[in-house]
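All values below come from the heavy atoms of this structure, side chains included, with hydrogens, waters and symmetry mates left out. Chain A is the first sequence line, chain B the second, and so forth, proteins listed ahead of strands; every chain is numbered from 1. None of the values given here were measured: they were computed from a predicted structure.
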2 protein chains.
Amino acid sequence: MATIKEIAEMASVSRTTVSRVLNNSGYVSAEARKRVEKVIEETGYEPSIYAKSLRTKRTSVIGVILPTIKTETPSRIVTGLGSELAKHGYQILLANTNLDKEKEYEYLDLLKTRQVDGIVLLATNTDPKLIQKIKEINVPVVIVGQEAKGIMHVTYDDYHAARELTAFLIQKGHTQIAFIGVHEEDRAVGFLRKRGFLDEMTANGLNVELEWIQEGIFDIDSGKESMGKILKQSVNTPTATIAVTDRLAIGAMSYLKDKDIVIPDRMALVGFGASEISQYLEPALTTVDFQNEKAGEQAANQLLAKLNAQTYQEKIILDYRLLIRQSV
Amino acid sequence: MATIKEIAEMASVSRTTVSRVLNNSGYVSAEARKRVEKVIEETGYEPSIYAKSLRTKRTSVIGVILPTIKTETPSRIVTGLGSELAKHGYQILLANTNLDKEKEYEYLDLLKTRQVDGIVLLATNTDPKLIQKIKEINVPVVIVGQEAKGIMHVTYDDYHAARELTAFLIQKGHTQIAFIGVHEEDRAVGFLRKRGFLDEMTANGLNVELEWIQEGIFDIDSGKESMGKILKQSVNTPTATIAVTDRLAIGAMSYLKDKDIVIPDRMALVGFGASEISQYLEPALTTVDFQNEKAGEQAANQLLAKLNAQTYQEKIILDYRLLIRQSV
DNA sequence: ATTATGTGTGGAATCGATTCCATAATATAG
DNA sequence: CTATATTATGGAATCGATTCCACACATAAT
């Protein structure tokens, strides 16, 4: 691999001039430029990005911290991020925590050490400690999926999506509605979606029995189990169930099918996330599309804007769409 | 951020000695080491990896080129890769082609420019041109999922898995078996799985009608469509269908349900890939588990072994397991 | 004719590490 | 008591770029 010095010699100019051609900066005569370009072309020379980064302190690498890459939401966000970043010559350095919260801290440090230009954090929580850490490392960070005071973020409108979904069920005549949620530590999915549901029920003067509210974790089996609990404990069985993710809904659906409870006749069912499979289920699942790719793109754009000292928004709340299908 | 020079001054030693402490190399007295370590501890000093890479030509970054991150197989492989690489202090630089074949070439170049220590390629084809390019760039590459002469690779035993799956259907009494495949350019999924199916049929003296063999692309709708074609065209309708991916099988299942064709009674159905959803389908899908995480781990380990000049295997073929469920 | 401005170029310092080499002090062998 | 390892340390070159600064020359303005 050639170096800038060799290119300079071959083109009979100084390293400085080669650098000017490379970066389109300063004054270079047409002839000198031509000679340098010719040599670069012929040798297939590529400047060492490590030497470059050492001087410029910029790496064109964005770190992405995510809880898992195996589920649809993060992988879609990463797809959106990747395509937008690639357009601007940035690469993604991946940091997968595998749901280990401690690793979030570790990776923030690691990515700083790796001197990434910015970090995208697909957060599952928004601990003050985490926020603190983010501010400490002094690297531009954008959080996707959770609101965070004082830190750039791109979120979904979880609260209103939940309200609207609930309103839709009520409008369809349901008055007894169950809810399968997740831990409220996850403010977006756990807290806000539940809040939206409860507020809408209250606004309509509807009561929610305690046993109708279950809390699971982020997997299919958990949805199955929760549905079981809802149906077992209730004196008044609900006629509809809201699950905060499609996977939980799929679990619930699996339970209902096992018990020959027909959807939507005896139990309506809705989810969140618009997973690919949701439309192929039997019956097709009513769900909320949060357009994760777009979230990734927006996060990328805001981060890049900040890096280039352009105007950016501290806070972006994305739109959602209800996908009404046969499960209601 | 402190530099090695400042650390050296603070510990009253030379940069050389600090470097020795950092890398555990050469002779350092106990006292000197202690002083240096203390200063490092106090300042939270982290050596610049760019300066380091510039000298050592090593980056501890592995590039991963993949066709998409949205589907289960690649995201599982990446999970396996990531966890194994992280153990050894390596990071993943992601390059998502979004199924654009041209980008595979581009990214090979880009990753070389980025001076990654090695590349993992989740290949969908094995063009001589691609192989040529890989050899050209002169960076250690391991291909996952496809066999490739002269290049390190980790593959599944697609051929025997397909034969065994076919044999299982035959053993269950099926003699008329349809097949939903993909383009043979994808040698592993398109060619080998089909070959395995056909060979096993022939070995059992069974005939396969031309219309029973359909070719789709990698999505659910395509499976649905293919199932439609199989059932529309046939005089002799098959009693079982093999789809080369679970998503194709899910599409086929969707079609069958629409037409009230009961699985497995009137049509048995099997897939490949052991997708998470497969066990929650109704009926649960019989499929082949290729243990993608393990493939990722193995790929990582072989690559690391090569990088560290340890013994490695040029070629690894992984085991598979038949997951027999209610769809047969 | 003199000064100011614009254009073009290269020398040399710099970024922050690693590593070769020289040197010195101490320990061990002959 | 010399000769030879062994241990410990630092100076200086190096990796491959960018960028400040000085300088030369041509042209335009005064």
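A close approach under 4.0 Å does not occur between any side-chain nitrogen or oxygen of A:Thr56 and OP1 or OP2 of D:dT18. Checking the phosphate oxygens (OP1, OP2) of C:dG16, a side-chain nitrogen or oxygen of A:Lys57 falls inside 4.0 Å. A close approach under 4.0 Å does not occur between any side-chain nitrogen or oxygen of A:Ser14 and OP1 or OP2 of C:dG11. The side chain of A:Tyr27 places an N or O atom within less than 4.0 Å of a non-bridging phosphate oxygen (OP1 or OP2) of C:dT7.
Nucleic acid contact class of A:Val13 (heavy atoms, under 4.0 Å, all strands): sugar-phosphate only. Note on A:Ser29: only backbone sugar-phosphate atoms sit closer than 4.0 angstrom, heavy atoms only; bases stay farther off. Backbone-only engagement by B:Thr17 is indicated by non-hydrogen atom pairs under 4.0 Å involving sugar-phosphate atoms exclusively. Across all strands, B:Val28 comes closer than 4.0 Å only to sugar-phosphate atoms, never to a base (heavy-atom distances). Residue contacts shown for A:Ser48 are limited to sugar-phosphate atoms, with no base heavy atom under 4.0 Å away.
Nearest approach of B:Ser12 to B:Arg35, heavy atoms of both residues: O-NH2, 3.5 Å.
A salt bridge links B:Lys70 with A:Glu293: the closest approach of a Lys/Arg side-chain nitrogen to an acidic carboxylate oxygen falls below 4.0 angstrom.
Each of B:Asp186, B:Thr124, B:Asn125 was evaluated against B:Gln146; a single residue qualifies, B:Asp186, per the side-chain hydrogen bond (donor to acceptor under 3.5 Å, both in side chains) test.
Donor-acceptor pairing under 3.5 Å, judged by distance alone, is present between the side chain of B:Arg20 and the base of D:dG10.
Between A:Leu54 and A:Arg35, it is A:Arg35 whose nearest contact on DNA chain C lies nearer the 5' terminus. Nearest-nucleotide mapping onto DNA chain D: of B:Gly26 and B:Ala51, the residue sitting toward the 5' end is B:Gly26. Between B:Arg33 and A:Ile49, the residue whose closest nucleotide on DNA chain D is further toward the 5' end is B:Arg33.
Using modelled atom types and a 3.5 Å distance limit, the side chains of B:Tyr312 and B:Asn301 yield no donor-acceptor pair.
A:Glu6 has its CD atom 10 Å from the P atom of D:dC15, to the nearest Å. Separating the CZ atom of A:Arg55 from the C1' atom of C:dT14 is a distance of 5 Å, rounded to the nearest angstrom. For the pair B:Lys5 NZ and D:dT14 P, the interatomic distance rounds to 19 Å; values are reported in whole Å. Look at NZ on A:Lys52: it is 17 Å from C1' on C:dT14, rounded to the nearest Å. Between B:Glu46 atom CD and C:dG16 atom C1' the separation is 14 Å, expressed in whole Å. Atom CD in B:Glu31 sits roughly 15 Å away from atom P in D:dT7 (whole-Å rounding). Whole-Å rounding puts the A:Arg58 CZ to C:dC15 C1' distance at 17 Å. The CD1-P distance, from A:Ile4 to C:dT14, rounds to 19 Å in whole Å.
When the nucleotides C:dC20, C:dA17, D:dG16 are ranked by their closest atom to the side chain of B:Thr16, C:dC20 comes out on top. Distance from the side chain of A:Asn23 is smallest to D:dT18 among C:dG16, D:dT18, D:dA13.
In this structure, NZ in A:Lys315 is found 4.5 Å from CD in A:Glu147, a value given to the nearest 0.5 Å.
In this structure a side-chain-to-backbone donor-acceptor pair under 3.5 Å is present from B:Tyr50 to A:Arg114.
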